[in-house]
Structure formats: C-alpha cells, structure tokens
Amino acid sequence: MAELPILQFEEKIIDTVQKNPVTVIIGETGSGKSTQLSQILHRHRYTKSGIIGVTQPRRVAAVSVARRVAQELGVRLGDEVGYAIRFEDRTSERTRIKYLTDGVLLRESLSNPELDQYSVIILDEAHERSLNTDVLLGLMKRLVKLRTSSLRVLITSATLDGEKVSKFFLDCPVLNVPGKLYPVEILYSKERPTSYLESCLRVAIDIHIREPEGDVLIFMTGQDDIEKLVAKLEDKIRSLEEGSCMDAIVLPLHGSLPPEMQVRVFTPPPSNCRRFIVSTNIAETSLTVDGVVYVVDCGYVKQRQYVPSTGMYSLDVVQISKVQANQRAGRAGRTRPGKCYRLYPSRVYEEEFLDVTVPEIQRSSLTGSILYLKSLDLPDIDILKFDFLDPPSSESLEDALKQLYLIDAIDENGSITSIGRTMADLPLEPSLSRTLMEANEYGCLSQALTVVAMLSAETTLLPGRSKGASKGAEKKRKHTPLELPDGSGWGDHIQLLQIFEQWDQNGYDVDWCKDHELQVRGMMFVKDVRKQLCQIMQKIAKGSLDVRPKERRKESRQDYKDLRKALCVGYAGQVAERMIRHNGYRTIGFKSQLVQVHPSSVVRSDEEGMLPNYVVYHELIVTSHPYMRNVCAVEMPWVTPILKKLEKISVSKLSGGSGHVGEETNRKIVDLPKKDMNVQVPDDHESRIQAAKERFLARKSKK
DNA sequence: GAGCACTGC
C-alpha cells in the first residue's frame with residue numbers, strides 16, 4: 001500500500017490531540033483521513049479507555065470505510081472494527097473502532113447523553129454540514145466541557161471552513177493534512193453563458209476533439225437538463241464520427257435513475273472509447289466515478305429550502321459555493337492530472353460564490369431537531385440559545401415551536417410533554433410520530449404504521465412520481481402495469497396504505513411489485529421501516545400503549561375514519577380549507593396561503609366536482625404553483641379543536657424555555673422586535689360550517 | 001395537467 005500523506009503527520013496529530021480536547025483536521029481528498037485517523041489513535045492506545053467513534057453523513061461511506069479499516073488491521077468486520085447504520089448494527093463487545101452515520105450517533109445520545117462509551121469521537125466530512133452534523137457539533141461543544149479529560153473530539157473539514165470551526169471550539173488547533181490529488185488545471189469562461197446547456201455541449205465536444213483520452217464528468221442541475229444534454233451530445237458525436245476521434249458513450253447519472261442504470265458508471269469503458277457522464281451533484285460526494293480526467297462545472301445546483309414564514313418548501317437552482325466548486329474540480333484529479341472547465345468567470349467565483357454551502361440547518365424545518373434537543377433534557381442548556389455553528393433564524397425556531405405545540409409535543413410554556421418524549425423516540429418527522437401515537441389510541445396503529453413507513457420511501461416508490469423509469473421504458477413495456485388501488489377517494493395516504501396491504505396479501509411478492517411498476521428496493525425498505533417502528537412502539541408500550549400489529553377490519557366498506565382522524569391530529573399544523581366556490585385551498589395556520597392539490601394526488605372530488613372541504617397535507621412545495629403534496633381528506637369537527645388551539649397560542653410563552661433558565665431567556669426573547677404571531681382563522685369559517693352542514697343534509701336526503 | 005437535487009434516524 002502506498003504511503004498515505006496523513007501518516008507523516010502521525011506524531012503531530014497525537015501530540016495535538018493529547019493536549020487539546022478538540023482538534024480540527026483539514027484533510028483534502030485522498031489524505032486518508034477517513035481510514036487512518038481512527039487507526040492512528042488506536043495505535044496510541046486511545047481504544048484502551050473506550051471506543052473510537054467515527055461518524056459519516058452517508059450509510060455507504062460508513063460501511064465501506066469500516067470494511068477497509070477492518071481489512072487493513074486484519075480483523076473480521078464486526079469484531080474490533082464495526083459499523084452501525086439504520087437496520088444494521090455490525091458491532092460487538094469487542095468493537096473498538098466504530099463507524100456510524102451521524103444520525104445513529106444522535107439516536108445513541110438519546111439513551112446515553114454523555115456518550116461515555118466513547119473515548120474519541122471523530123466527526124468526518126463535517127464540511128458537508130448536514131443537519132445531523134450541525135446538531136452533533138453543538139452537542140460536542142457541550143460534551144467536551146462535561147467530560148474534560150475523558151473525551152477527545154476530532155472534526156474534519158474543508159480548507160475554507162477550518163478557521164470558523166476552530167473559532168467555534170474556542171480557538172482549538174487546526175491541522176492541515178495535504179491530499180493526494182493530482183493537479184487540476186482550472187479554466188474559466190470569459191463570461192457567463194446565456195444557455196449553459198449549449199455551453200456544456202460546446203465545451204464537451206471541444207474536449208472530445210482536442211484532448212487526449214480520459215472521461216468527462218459534467219455537472220448539471222437536474223434530470224431534465226441531463227436528459228436534454230445527453231440527447232444533444234449523442235447527436236453531435238454521431239455527426240462527428242468518420243474516424244476523426246475516438247468512440248464515445250454518454251451516460252446520465254442522477255438519483256431517480258434505477259440502481260442498475262446508476263451502476264453503469266462503474267463499468268470501465270472499452271479501450272479507445274471516451275465516456276461522458278452527465279450528472280447531478282450526486283457525483284460530487286455520494287458516488288465516485290473512476291477514470292474522470294475532465295470536469296465541466298455549470299456552477300449551479302438544485303437546492304431545497306424551507307421558508308418558515310409560509311411553511312413551504314421550494315426547490316431552487318442556486319449558485320454553488322467555493323467548497324462545492326473545488327470538490328467538483330477535484331473529481332478530475334483522482335487518477336492523473338486533469339482539467340476543470342468552469343462555465344463562469346473567475347470573478348464570479350471569487351466575488352459571488354459563498355465560501356461554504358448554506359448549511360442544511362438554515363434551509364430546513366427545525367421541528368424534528370428542536371424536539372430532539374428538548375427531549376435530551378440538557379439541564380445546562382436552553383434550546384433557543386443552543387450553540388449552533390451557524391444558528392438558524394429566530395423565525396425558524398419559532399415556527400418549530402408553534403408546530404410542536406400544535407401537536408402536543410410541548411406545552412404552552414414550551415416544555416416538552418410526555419407525548420413529546422415518546423415522539424422523540426421514533427425515527428420520524430414529528431407529525432408522523434404524533435399520528436402513530438394517536439392511531440394507537442384509536443386502535444388503528446397497524447394502518448398508521450404502514451402509512452408512515454410508506455411515506456418515508458414514497459419518492460422512490462410510485463411510477464410517475466419519480467419519472468425515472470417512465471419515459472424511456474414506456475415504449476418498451478410489454479404489458480401495461482396492473483392498476484394500483486386509488487385510495488378510495490380519501491387521498492394519497494390511504495392509497496399508500498392500500499398499496500402496502502395488497503402487497504402484504506400477495507405475500508410480499510417481488511413480481512407483484514414489478515407488475516405494478518413499484519420499485520422492489522423501495523418496497524423492501526418500507527417493510528424494514530415498518531418493522532423497526534413496530535419494535536419501537538412495542539418497546540415504548542410497556543403495557544401503556546396498545547400495539548396490535550395485525551388487526552383486521554370486519555366491514556368491507558371502509559371510510560378509514562380513525563386513521564384519517566389520527567392523521568389530522570399529527571398534521572395539525574398542515575391543514576387546509578377549500579374555498580367555497582372552487583377547488584383552491586387556503587392553509588389554516590399562522591400565515592394563510594393559497595394553495596392547490598398537487599396534480600398527482602388521488603384525492604377525489606364529489607359528484608358536483610368539488611374536492612373535500614378539509615384536507616391535511618404532508619408538505620407544501622412551490623414549483624409552478626404552491627402545491628400540497630400527499631393530501632388526505634379530513635372532517636370539519638376534527639379541525640375545530642385545532643383552530644381553538646391556534647387562537648390561544650402565544651409565541652413569547654412558547655419561547656419561555658424549560659423553566660431552568662426562564663427569566664434570562666424571557667428577557668432575550670422579548671428583546672427581539674417581534675409580536676405574537678398573527679393567527680389567521682378564515683373569516684368565513686362560520687358560514688363554511690353552515691354550508692358544510694347543508695351539503696351534508698342535502699346528500700343524505702338524496703340517498 | 002404537473003414534474004423531485006441529495007442525504008438520514
């Protein structure tokens with residue numbers, strides 16, 4: 001094995017770690033930090049007093065790095081070296097080096113807040129700034145204070161971010177470890193292209209004609225553009241041939257491609273053939289393609305962001321950060337010197353690009369993270385003042401508090417309730433945890449378990465929703481897919497339930513999935529999630545909760561009333577009311593929004609063409625319009641208590657904190673120029689109630 | 001009649 005750069009720094013690293021509770025390691029790609037840091041510390045007896053835990057943002061990384069380290073140490077995976085990811089714990093009593101996803105470490109700290117089995121915790125790839133890593137960074141800062149001499153924390157990061165992380169940890173030392181990348185020549189465009197699709201095409205063809213062999217990796221923003229560019233490239237290359245240049249294959253690469261299409265990038269091309277891989281940012285970190293010598297970087301990425309003031313998500317094309325641009329360029333220098341063509345001027349890179357990607361914590365709903373932190377019961381920490389590396393906005397924090405209050409996870413003073421504690425034990429969004437608990441009360445837990453498990457895999461499940469397989473496969477398909485259940489008109493959650501139930505009745509048959517154009521892997525995942533949730537519910541129960549895994553309904557005609565009622569409780573912050581005269585909706589909550597049911601929904605309109613008066617929705621996503629995705633019909637009497645609760649809510653009380661540090665907290669919150677939230681109960685609510693009654697009576701008399 | 005980048009418990 002060739003000497004990894006990091007090994008030359010072994011003494012320096014050990015010396016620094018011995019003297020400092022926290023150390024930041026700047027390790028470029030190929031430095032060997034992921035596999036070597038743990039082994040270096042192991043050699044210096046840091047595994048005598050506890051386990052070395054290394055977190056990774058992705059499951060595959062945790063598994064593959066653990067496998068490598070076990071191999072290098074000549075031990076069996078699961079013995080001295082192991083890993084833990086969701087559904088899979090390959091560790092034993094003997095395990096001293098443990099690779100795990102940051103999500104798993106967070107779960108562990110729920111039952112053991114001091115994490116005292118660990119002597120060292122290494123947060124790897126911290127520069128990616130995943131939501132979980134950011135929460136962990138805050139927890140580590142507190143933990144090193146509590147366990148002054150018994151815990152060592154190492155954080156690996158990127159060049160542009162190191163100083164900031166160091167400052168966060170009270171100016172802890174920063175060590176630079178060079179990488180083993182070959183030089184990559186950066187070539188900038190003179191100006192920004194008017195059409196980056198055309199520009200990509202031109203550059204790619206240029207490389208093909210002028211440059212020696214080596215694959216080309218092109219970064220685009222999304223599936224649509226990728227498909228267009230792939231088609232154009234293929235056309236152009238076909239028109240070029242005549243032996244003027246070598247053969248070429250063009251491969252698309254993005255998340256909604258079926259796995260068998262994704263792995264095509266791992267088969268090396270035939271000789272004298274150049275590959276063009278047109279990819280989303282999946283090839284930036286998640287997948288490493290060998291053989292790439294040229295990178296074309298459009299400078300953009302598609303990013304999902306949450307707007308707390310409206311509760312809506314939007315998916316926007318935004319400029320990448322310098323860290324991302326460098327990461328992309330680095331993909332060209334893995335096997336030999338490469339070139340990176342940036343389709344923007346150097347001035348744009350220098351002046352417009354942010355140093356680091358906006359961390360996820362500033363782009364997501366914080367409901368889950370805040371509930372998690374509240375459930376830790378940290379006596380010395382007030383959640384609203386929790387020390388984040390990049391604190392989220394107070395607006396976002398307040399939004400999370402309101403949402404949690406509406407689903408009974410915290411009380412009006414902001415303290416966690418017993419319901420909230422139970423919810424935090426479930427690896428789900430709070431709305432779904434709450435649904436499960438309520439469903440248990442109504443005796444429809446089994447159905448609810450299925451629905452929430454299906455929702456957690458939903459994007460990789462249904463045909464049409466992920467159009468990956470549809471377009472090309474459409475023509476080739478021999479028989480039309482069998483019909484899926486339609487939710488009986490009640491909406492998408494019910495459809496998801498019915499789909500799983502049918503699969504269950506067909507003995508979890510793989511061919512059944514294929515016949516219905518459902519992704520087998522996705523359905524298997526659902527089964528796993530459901531099983532895991534079942535087990536957790538059983539554990540939580542201890543007699544107090546009623547877990548009945550397989551209750552069967554006697555009546556053949558079902559209105560799923562209990563289940564829909566449970567969903568209404570869980571989605572209390574995500575209710576919408578239909579307009580009187582048309583099928584548009586208005587969200588009920590802090591800030592009313594005009595929205596529509598997503599066209600992919602199976603929720604049905606009545607004989608007069610009207611959709612249900614009230615629905616709950618899983619999320620609001622802004623594309624061409626604001627849409628509610630995954631809706632379920634609910635009934636007015638279930639909504640009324642939510643409206644009452646909304647009227648009572650007071651944000652300054654909710655922010656009051658846990659009581660331990662109440663006064664100080666209150667002062668801080670009151671200082672901020674904000675008023676109690678602006679609750680908008682629809683002004684025509686009363687008349688709507690009347691109208692609904694009339695419609696109900698009218699329908700009854702028809703029958 | 002619209003369209004979802006990527007992760008994770």
Side-chain angles (χ1 to χ4, degrees), chain A residues 55-62 84-89 100-111 125 128-136 219-227 253-257 262 279-287 298 300-305 313-318 320 324 327 357 359-361 363-364 368-369 371-372 375 423-430 432-433 452-453 456-468 470-471 525 528-529 532-533 535-536 583 596-601 618-619 621-630:
Chain A
T55 69
Q56 295 288 329
R58 280 171 295 281
R59 300 160 52 108
V60 275
I85 59 176
R86 189 180 192 178
F87 307 133
E88 213 184 335
D89 185 350
L100 67 176
T101 50
D102 41 24
V104 168
L105 188 63
L106 278 182
R107 284 282 142 202
E108 285 186 4
S109 86
L110 209 51
S111 51
E125 316 289 1
E128 289 187 27
R129 301 296 302 276
S130 76
L131 185 54
N132 286 339
T133 304
D134 268 26
V135 175
L136 280 173
F219 284 103
M220 307 278 285
T221 59
Q223 187 178 346
D224 259 14
D225 288 344
I226 288 173
E227 281 167 7
L253 181 60
H254 52 82
S256 40
L257 275 183
Q262 280 187 22
S279 173
T280 60
N281 55 333
I282 194 171
E284 209 175 277
T285 48
S286 306
L287 291 178
C298 74
Y300 293 97
V301 69
K302 229 180 240 185
Q303 227 175 44
R304 192 176 140 104
Q305 14 229 3
Y313 282 94
S314 64
L315 198 64
D316 309 313
V317 173
V318 299
I320 58 172
Q324 273 181 297
Q327 176 73 25
T357 318
E360 213 184 330
I361 199 161
R363 295 187 279 120
S364 348
S369 302
L371 177 62
Y372 169 80
S375 77
M423 286 167 56
D425 283 331
L426 290 155
L428 289 169
E429 292 165 45
L432 300 180
S433 314
V452 304
S456 59
E458 181 253 357
T459 45
T460 56
L461 230 52
L462 287 181
R465 299 203 185 183
S466 73
K467 59 180 175 175
S470 63
K471 265 189 182 167
F525 181 77
D528 278 342
V529 173
Q532 186 196 21
L533 295 175
Q535 286 165 351
I536 297 172
N583 276 335
Q596 289 174 26
V597 173
H598 196 278
S600 68
S601 176
H618 186 68
E619 69 172 2
I621 176 106
V622 185
T623 50
S624 57
H625 296 283
Y627 284 115
M628 298 182 281
R629 278 197 60 247
N630 285 322

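Keep in mind it's a predicted model, so treat the numbers as computed, not measured. Here is the naming used below: chain letters follow the sequence lines, and residue numbers restart at 1 for every chain.
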[atom1] of [X] versus [atom2] of [N]: gap in Å, rounded?
X	N	atom1	atom2	result
A/D528	B/dG8	CG	P	14 Å
A/Q56	B/dT7	CD	P	15 Å
A/I226	B/dA5	CD1	C1'	9 Å
A/R304	B/dC6	CZ	P	12 Å
A/E458	B/dC6	CD	P	15 Å
A/D134	B/dG8	CG	C1'	14 Å
A/E227	B/dG3	CD	C1'	11 Å
A/R58	B/dA5	CZ	C1'	14 Å

Using a cut-off of 4.0 Å on non-hydrogen atoms, how would the nucleic acid contact of [X] be classed: base, sugar-phosphate, or nothing?
X	answer
A/N132	nothing
A/I282	sugar-phosphate
A/L426	nothing
A/V104	sugar-phosphate

Please check the phosphate of [N] (OP1 and OP2 only) for any side-chain N or O of [X] closer than 4.0 Å.
X	N	answer
A/S130	B/dG8	no
A/S456	B/dC9	no
A/T280	B/dC6	yes
A/R59	B/dC9	yes
A/Q223	B/dA5	yes

Set of salt bridge (Lys or Arg N to Asp or Glu O under 4.0 Å) partners for A/D134, sequence neighbours left out: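 By the salt bridge (Lys or Arg N to Asp or Glu O under 4.0 Å) rule, A/D134 matches A/R129.
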
Assuming nearest nucleotide by heavy-atom distance, tell me which of A/Y627 and A/R107 is located more 5' along DNA chain B.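 Counting from the 5' end, the first nearest nucleotide belongs to A/Y627.
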
Using a 3.5 Å distance criterion without hydrogens, assess whether the side chain of A/Q262 forms a donor-acceptor pair with backbone atoms of A/H254.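 At least one qualifying donor-acceptor pair exists.
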
Is a side-chain donor or acceptor of A/Y372 paired with a backbone partner of A/V135 at a separation under 3.5 angstrom?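 Checking the backbone N and O of A/V135 against the side chain of A/Y372, no donor-acceptor pair under 3.5 Å is found.
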
Just jot down the side-chain contact (heavy atoms from CB on, under 4.5 Å) partners of A/P57, sequence neighbours excluded, or say none.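 Expected list: A/D102, A/E125, A/E128.
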
Could you tell me if A/N132 and A/S130 have a donor-acceptor pair between their side chains, going purely by distance under 3.5 Å?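 There is no such pair (donor and acceptor under 3.5 Å, judged by atom type) between the side chains of A/S130 and A/N132.
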
Nearest to the side chain of A/T623, which nucleotide is it out of B/dA2, B/dG3, B/dC9?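 So the side chain of A/T623 is nearest to B/dG3.
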
Minimum-distance nucleotide to A/T101 side chain [options: B/dG8, B/dA5, B/dG3]: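 Ranking B/dG8, B/dA5, B/dG3 by closest atom to the A/T101 side chain puts B/dG8 first.
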
